[in-house]
Amino acid sequence: MDPIVEMLILDMREIFGKDHKRIDHALAVLGYANHIRSVEGGDPLVIQAAAVLHDIGIQEAEQKHGSSAGRYQEIEGPPIAERVLRHRGVDEDRIVHVCRIVANHHSDRDIDTLEFQVLWDADWLVNWPEMLPDKSGADLKARIDRIFKTNTGRETALRLFVGS
Ligand SMILES: [Fe+2]
């Protein structure tokens with residue numbers, strides 16, 4: 001793995017502290033993001049940095065706004081991600097790209113880069129079991145088709161959640 005990504009993982013662990021659930025979530029998203037990227041392509045550093053840092057504002061959101069709702073994370077996350085990325089020497093273009101993903105990944109806005117789509121799908125693969133409503137196979141397939149943005153994300157979701 002890129003040594004910068006290893007540093008970002010350390011930073012993420014330090015920021016989340018004892019919050020193992022969030023650390024595990026970020027690492028699980030990183031795992032799926034790497035898998036999707038290995039097929040779909042995309043800038044590895046942007047994708048991996050976005051995976052590690054995508055929920056990095058969640059504690060600030062809870063402390064400042066008393067809520068981990070997506071819109072508060074989208075306010076609090078980017079400045080933290082920017083600080084961490086700059087500290088680790090990531091170039092400005094990638095910082096802007098990663099911060100845009102961090103800022104928008106709770107809504108369906110502006111998912112217009114491959115890197116954003118890969119992160120989006122990886123996050124959904126991890127979150128799906130928690131958000132999964134009682135749906136029959138056909139409904140599930142339709143939802144998966146609608147939500148996932150990449151072929152690899154869609155295929156992985158079908159394999160994991162529909163068994164096909
Ligand atoms: Fe997430």
Side-chain angles (χ1 to χ4, degrees), residues 1 4-38 40 42-85 88 90 94-133 140 143-144 146-150 152-157 159-161:
M1 198 182 341
I4 293 180
V5 178
E6 286 176 13
M7 292 295 135
L8 297 176
I9 291 172
L10 289 179
D11 295 334
M12 178 273 289
R13 284 182 179 279
E14 197 180 311
I15 289 166
F16 282 152
K18 291 199 175 86
D19 199 340
H20 300 292
K21 194 172 166 235
R22 275 160 192 158
I23 294 170
D24 290 347
H25 172 80
L27 295 176
V29 171
L30 176 62
Y32 280 127
N34 278 330
H35 167 66
I36 296 170
R37 187 191 62 78
S38 72
E40 302 282 340
D43 183 312
L45 182 53
V46 168
I47 288 171
Q48 292 172 329
V52 172
L53 298 174
H54 72 284
D55 285 332
I56 205 69
I58 198 163
Q59 291 176 333
E60 276 304 284
E62 285 168 350
Q63 279 162 22
K64 280 196 196 164
H65 308 276
S67 162
S68 63
R71 65 180 185 281
Y72 298 123
Q73 287 195 55
E74 292 181 352
I75 297 168
E76 301 302 333
I80 302 171
E82 185 181 344
R83 174 169 55 74
V84 168
L85 292 164
R88 295 303 178 186
V90 175
R94 287 193 174 93
I95 292 177
V96 169
H97 195 168
V98 173
C99 286
R100 202 160 69 80
I101 296 174
V102 173
N104 292 327
H105 82 275
H106 286 100
S107 56
D108 207 332
R109 276 195 311 269
D110 301 328
I111 306 184
D112 55 0
T113 66
L114 176 57
E115 289 78 9
F116 198 157
Q117 293 177 347
V118 172
L119 181 278
W120 175 268
D121 282 6
D123 199 24
W124 267 102
L125 285 171
V126 178
N127 287 335
W128 189 276
E130 283 179 29
M131 305 175 79
L132 187 66
L140 265 180
R143 275 202 89 193
I144 285 170
R146 207 169 53 241
I147 287 169
F148 287 87
K149 309 290 181 190
T150 69
T152 308
R154 220 169 266 132
E155 282 163 14
T156 308
R159 186 160 42 78
L160 289 173
F161 309 131

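Fair warning: this is a prediction, and the values are worked out from it, not measured in the lab. Remember, it's 1-based here, ligands and their atoms both numbered in the order they're listed.
Using modelled atom types, one side-chain atom of D121 and one backbone atom of K149 make a donor-acceptor pair closer than 3.5 Å.
For the pair F116 and H105, the minimum side-chain heavy-atom distance is below 4.5 Å. Under the 4.5 Å side-chain criterion, counting only non-hydrogen atoms from C-beta, I144 is not in contact with W124.
An angle of 90° is found at the Fe ion (ligand 1) between D123 atom OD1 and H54 atom NE2, rounded to 10°.
Distances from the Fe ion (ligand 1) show that H105 has no N/O/S atom below 2.8 Å.
Here the closest heavy-atom approach between residue A61 and residue Y72 is recorded as CB-CB, 3.7 Å.
The N, O or S atom of D55 lying closest to the Fe ion (ligand 1) is OD2.
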